[in-house]
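Written out below as structure tokens is the structure these notes cover.
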Amino acid sequence: MQERYNPLEIEQLWQERWAAEQPWRVSEDASVPKYYLLEMFPYPSGRIHMGHVRNYSIGDVVARYKRLKGFNVLHPMGWDAFGMPAENAAIQHGTHPAAWTRENIDKMRTQLKRMGLSYDWERELATCDADYYRWEQLIFLRMFDRGLAYKKSAAVNWCPECETVLANEQVEDDCCWRCDNRVVQKELDQWFFKITDYAEELLAWTEKMPGWPESVLTMQRNWIGKSVGCEIDFAVAGHSDTIRVFTTRPDTLFGATFMSLAPEHPLVDVLTVPERRAEVAAFIEKVRAIDPAQRTSDDYEKEGVFTGAYCINPVNGEQLPIYLGNFVLMAYGTGAVMAVPAHDQRDFAFARKYDLPVRVVIQPSNEILTAETMTEAWEGSGTMVHSDQFDGLDSETGKQKVTEHLEERGVGKASVNYRLRDWLVSRQRYWGTPIPIIYCDACGPVPVPEADLPVTLPTDIAFSGEGGSPLAKLESFVNTTCPQCANPARRETDTFDTFVESSWYFLRYASPDWSTGPVDAEAVAYWLPVDQYIGGVEHAVMHLLYARFWTKIMRDLGMIDLDEPFQNLLTQGMVCMETKACPEHGWLYPEEIAEGRCRQCQAEVVAGRNEKMSKSKKNVIDPDGLIKRYGADTARLFTLFAAPPEKDLEWNEQGVEGCSRFLHRVWRLVYDNLALITDAGDVAADLSPAAKTLRRQVHRTIKKVTEDIDGSFHFNTAIAAVMELVNSISAFDEKGTAPAVLREAIETVVRLLAPFVPHLCEELWQHLGHAQSLEQTEWPHWDELAMAAETLLIVVQVNGKVRGKVTVPADADDQAVEAAALNDANVARFLEGKSVRKVIIVPGRLVNVVVG
RNA sequence: GCGGGUGUGGUGGAACUGGUAGACACGCUAGAUUUAGGAUCUAGUGCCGAGAGGCGUGGGGGUUCGAGUCCCUUCACCCGCACCA
């Protein structure tokens, strides 16, 4: 054994051995309990970043721990390989997206292997493989067949200069990122998945997922946004049309004083009176340019325009003017809102601005509202007034009664609305899964026959960044024949949102080479659900909701028997770092800064905020350098020790040194004591007090580390506990007389650290004389007997302030503890001249003496 | 704006069900030692105070024998918001 710990050398050795032996390949084995551990797969950007290092280090600890606990652990890795960056690289550097992506995958695979992560690499998959996406196309066809995939018009960001669709990310201050021209909203025919059909089920299951963080479930519930209410039809005066509204407050119907329509509402054209057309058109044009999220915020100035038309309130026959409002969205509800200014803040603001009447119909219990004196809407409950036969009802009962009344008269019905919208899945881009549809002039949209799958993404293609999707310009791809009538036809050139690929990769891992369908149902039945899913909190809603939806789709298509894909979810925090900028050159990488100054212009660098590490802000640390300098074990240990996984991790390079130092200490601990413990026998029955104390700590540490890993993933405190044990072993001064206790202690350190720093521990385990790998061992057990203490330290307070500490036998009763506490010299000092009113005893912990 | 989080020493963080606030580590200070090594070892290190002691978990208020933890209120920061992945 070498005197010095040389991480780079031993890590290379063990990684070579792992590559040759592939110890983490698994197959189904009904005789062993399975454990499916999954970390969110990466986008192959080319380099791993600290977020990956953290995510995969966390996962690897759990994978290695579960194997030692006897589970058959599935721990796969793959690549979310489609996406915009590959296409951007093609536009900017002329590289082909496929080549760029493959190269990046190779680089990142090497980096992940360099970290010593225990994956079953045989199951590796990349979503850009036709063998993967062909099954996605198949599932799409079956969804299309059942009406779960459909086309409708939707607005996209459009750059008139580049004549191309822009992602939200490509829009900077309402302008195109490439040409800086103003972006407009354009209506295009788009593919949607009917996730709204599953809204109720997705919502209901959130009540049955105890393995998920409550915060994530809450976010998903809010995203689905179920609201119970009522649809009401308003006839339009002088027209045959009616306007349907959705409201959660039918009890306020008598307070409606006007109607607000979304600018995109289909009736706008029909209703608007000729003399107001110009004004209405101008208003629609203005609203279109604004981001919907912005225009519906409470802060945004409420604006509208009168159409000149009126509708009729079905309960009292009143004529209500019809306006367009910038705060009404076509995508939510029916795109029309009955306006009740007295009881809705947005309507109130609108009414005050356009001088429309306010009518109070709900009176709260603690004040009297009047339309003239109100400064904001009363949105709470109360008693119904000015509502004819409903007067005097409380508003909750009123909701029901008014709904019943409308239903009887056939002008309304109880209804449920969701905030959730159908999933827009088509993208006007090249680097994605082709949507398998053919457009025929005679037959319309025709699905590609399943036997013709996959529709392969062509590779002979040019990228300019202008003129829309490159696929649409490739005649050899576009031109085809109709599968139904054999006449010339055109292929769909849109591709899928990359969220589609990531919605089922975890199912494919169960049988990655299955060639007769998306998955082998038996393999899925064995491995799924994922027992532990780990990934960034930023995926709390979209990815995790789409994956749940897709699982239910595959279930309903009869492909799998599974309701929910992820049993337990751990959402890790982000890795953050302070952004730094030069007034001249903008954001700077750490290496572009020397002594607080910009290397280029010597200007003083301005520190920004702590934000998520991102290339655009240049506040990134390249894990490669870290690994090259300290080794993978130190990099892993540091990310795990710096913070508990669910919290954001603020990057601080200095802590790395400490972790490296600790591993050197562990190495020395073994090296220095090797001769002493090599021939140590069993632990003796009668131990000295010091040996007993060390042994007690050994077993308490086993318990602590086990519970920290298994229950809460609090690896930082697990590591701290082992550090404390190492400190105690170093300070143990009976090493020569109690070698068996010393050996047990040292071996425990090595075994407990194995999931965290596997290379080092395997190496030390070998030096400790074990022929078998640590992986063949069982996770250590703790011995309650060895943990028991003979004395306890009791804190003594006087009026809640600590005044002393006493040591008592572990079996002392309350009386004895109280006597010992009152006897303590410093405590006695504080009791002098005062009378004891009460003594509170917390067994095993504390005595509080209350004096007056 | 809506939704979800976070806030504790100079720094990262610890604290079981309301019971010693600051474990462990970084940094810093002093000393020792050395075959000068990304060294190691010993002691110290929340703030104020000579000390006794007092003060301290973003701010303000409350409940309690006792509050980082529970309640009310307020501030600051971070993440997501449907075409980034």
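Note that these values count all heavy atoms, side chains included, but never hydrogens, waters or copies made by symmetry. Each chain gets a letter, A, B and so on, in the order the sequences are listed, and its residues count up from 1.
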Inset, instruction - Tell me which of A:C659 and A:E214 sits closer to the 5' end of RNA chain B, going by the nucleotide each one is nearest to. - result: A:E214
Inset, instruction - Any strand is fair game: report the nucleotide pairing with B:A39 by Watson-Crick or G-U wobble, both distances under 3.5 Å, or none. - result: none
Inset, instruction - Quick one: label A:L420 by what it contacts on the DNA or RNA (base, sugar-phosphate, nothing), any heavy atom closer than 4.0 Å. - result: base
Inset, instruction - Just call it for A:Y5: base, sugar-phosphate, or nothing, with non-hydrogen atoms closer than 4.0 Å on any strand. - result: nothing
Please write out the pairs of protein N or O atoms and N or O atoms of nucleotides 27-30 of chain B separated by less than 3.5 Å, giving the distance to one decimal.
| unit_1 | atom_1 | unit_2 | atom_2 | d |
| --- | --- | --- | --- | --- |
| B:G27 | OP2 | A:R661 | NH2 | 3.1 |

Legend entry - A:I719 CD1 to A:E724 CD distance, which is reported to the nearest 0.5 Å: 13.0 Å
Inset, instruction - Select one nucleotide: of B:G53, B:G5, B:U20, the one nearest the side-chain heavy atoms of A:L793. - result: B:U20
Inset, instruction - Report the base-pairing partner of B:A23 (Watson-Crick or G-U wobble, both distances below 3.5 angstrom), or none. - result: none
Inset, instruction - To the nearest Å, give me how far apart CG (A:N716) and C1' (B:U8) are. - result: 15 Å
Inset, instruction - Please tell me which of the listed nucleotides, B:C55, B:C65, B:A14, lies nearest to the side chain of A:P644? - result: B:A14
Inset, instruction - Return yes if some donor-acceptor pair links the side-chain N/O of A:R700 with the main-chain N/O of A:M787 below 3.5 Å, else return no. - result: yes
Inset, instruction - Would you please confirm or rule out a distance under 4.0 Å between OP1 or OP2 of B:G19 and any side-chain N or O of A:N848? - result: no
Inset, instruction - Provide the distance between the two C1' atoms, one in B:C78 and one in B:G58, to the nearest whole Å. - result: 15 Å
Inset, instruction - Tell me which nucleotide among B:A23, B:A82, B:C79 gets nearest to the side chain of A:R421. - result: B:A82
Legend entry - Check: A:V500 and A:W550 side chains under 4.5 Å, non-hydrogen atoms: yes
Inset, instruction - With heavy atoms under 4.0 Å as the rule, sort A:V156 into base, sugar-phosphate or nothing. - result: base
Inset, instruction - Report yes if the side chains of A:W431 and A:C128 come closer than 4.5 Å at any heavy-atom pair, otherwise no. - result: yes
Inset, instruction - Have a look at A:M574 and say if it touches a base, only the backbone sugar-phosphate, or nothing, with a 4.0 Å heavy-atom cut-off. - result: sugar-phosphate
Inset, instruction - Would you classify A:V842 as touching base, sugar-phosphate or nothing, given that sugar-phosphate means primed atoms plus P, OP1 and OP2, and contacts are heavy atoms under 4.0 Å? - result: base
Legend entry - Pair A:D497 + A:R427: basic N to acidic O under 4.0 Å: yes
Inset, instruction - Measure the distance from CD on A:E646 to C1' on B:G4 and round it to the nearest whole Å. - result: 15 Å
Inset, instruction - Find the distance A:L544:CG to B:G4:P and express it as a whole number of Å. - result: 17 Å
Inset, instruction - In whole angstrom, give the distance that lies between atom CZ of A:R668 and atom P of B:G37. - result: 16 Å
Inset, instruction - Could you check which of B:G13, B:A21, B:C65 has an atom nearest any side-chain atom of A:K838? - result: B:C65
Legend entry - B:C83 phosphate, OP1 or OP2, under 4.0 Å from A:K186 side-chain N/O: no
Legend entry - Sugar-phosphate, base or nothing in reach of A:Q220, heavy atoms under 4.0 Å: nothing
Legend entry - Listed nucleotide nearest any side-chain atom of A:M723, set B:G3, B:A25, B:C83: B:A25
Inset, instruction - State whether A:R665 places a side-chain N or O below 4.0 Å from either non-bridging phosphate oxygen (OP1 or OP2) of B:C41. - result: yes
Inset, instruction - Determine the contact category for A:R419: base if any of its heavy atoms lies under 4.0 Å from a base atom, sugar-phosphate if only primed atoms, P, OP1 or OP2 are that close, otherwise nothing. - result: base
Inset, instruction - Report yes if at least one side-chain N or O of A:N727 is closer than 4.0 Å to OP1 or OP2 of B:C24; otherwise report no. - result: no
Legend entry - 5'-most by nearest nucleotide on RNA chain B - A:M219 or A:I840: A:M219
Legend entry - Nucleotide of B:A21, B:G4, B:A85 approaching A:Y43 most closely (side-chain heavy atoms): B:A85
Inset, instruction - Name the nucleic acid region contacted by A:V795, choosing base, sugar-phosphate or nothing; use a 4.0 angstrom heavy-atom cut-off, strictly under. - result: base
Inset, instruction - Looking only at side-chain atoms of A:M542, point me to the closest of B:C81, B:C65, B:A14. - result: B:C81
Legend entry - Proximity to the side chain of A:V165 - top-ranked nucleotide from B:G19, B:C83, B:G5: B:C83
Inset, instruction - Using a heavy-atom cut-off of under 4.0 Å over every strand shown, decide if A:A642 touches base, sugar-phosphate, or nothing. - result: sugar-phosphate
Inset, instruction - Could you check whether A:V216 gets within reach of a base, just the sugar-phosphate, or nothing at all, counting any heavy atom under 4.0 Å? - result: nothing
Inset, instruction - Return yes if some donor-acceptor pair links the side-chain N/O of A:E818 with the main-chain N/O of A:V839 below 3.5 Å, else return no. - result: no
Legend entry - Within 45° cone and under 6.0 Å: A:R803 NZ/CZ vs A:F830 ring: yes
Legend entry - Side-chain N,O (A:K647) to OP1/OP2 (B:G7) below 4.0 Å: yes
Inset, instruction - Give one of base, sugar-phosphate or nothing for A:S502, where a contact means two heavy atoms less than 4.0 Å apart. - result: nothing
Legend entry - Nearest listed nucleotide, side chain of A:H539, among B:C55, B:C83, B:A85: B:A85
Legend entry - P gap between B:C72 and B:G5, integer Å: 15 Å
Inset, instruction - Select base, sugar-phosphate, or nothing to describe what A:W423 touches, counting heavy atoms under 4.0 Å on all strands. - result: nothing
Inset, instruction - Rounded to the nearest angstrom, tell me the gap between atom CZ in A:F715 and atom C1' in B:C24. - result: 17 Å
Legend entry - N/O (side chain, A:T498) to phosphate O (OP1/OP2, B:A85) under 4.0 Å: yes
Legend entry - Opposite nucleotide pairing with B:A50, Watson-Crick or G-U, both atom distances under 3.5 Å: none
Inset, instruction - Provide, to the nearest angstrom, the distance between the OH atom belonging to A:Y430 and the P atom belonging to B:C83. - result: 23 Å
Inset, instruction - If B:C28 has a Watson-Crick or G-U wobble mate with both distances under 3.5 Å, name it; if not, just say none. - result: B:G44
Legend entry - Donor-acceptor pair under 3.5 Å, A:Q170 side chain vs B:C83 base: no
Inset, instruction - Scan A:F499 against the nucleic acid and name what it touches under 4.0 Å (heavy atoms): base, sugar-phosphate only, or nothing. - result: base
Inset, instruction - Figure out the CD/P separation between A:E3 and B:A39, and round it to whole Å. - result: 16 Å
Inset, instruction - Compute the centroid of each ring, for A:F496 and then for A:Y133, and state whether the two points are separated by less than 6.0 Å. - result: no
Inset, instruction - With the side chain of A:R427 defined as its heavy atoms from C-beta on, choose the nearest nucleotide among B:A85, B:C83, B:A14. - result: B:C83
Legend entry - Nearest non-hydrogen partners of A:N417 and A:G333, listed with the distance: ND2-CA, 3.5 Å
Inset, instruction - Could you check which nucleotide pairs with B:C70 in any of the strands shown, counting Watson-Crick or G-U wobble with both distances under 3.5 Å? - result: B:G62
Legend entry - Sugar-phosphate, base or nothing in reach of A:Y630, heavy atoms under 4.0 Å: nothing
Inset, instruction - Just name whichever nucleotide pairs with B:C77, Watson-Crick or G-U, keeping both distances under 3.5 Å, else none. - result: B:G5
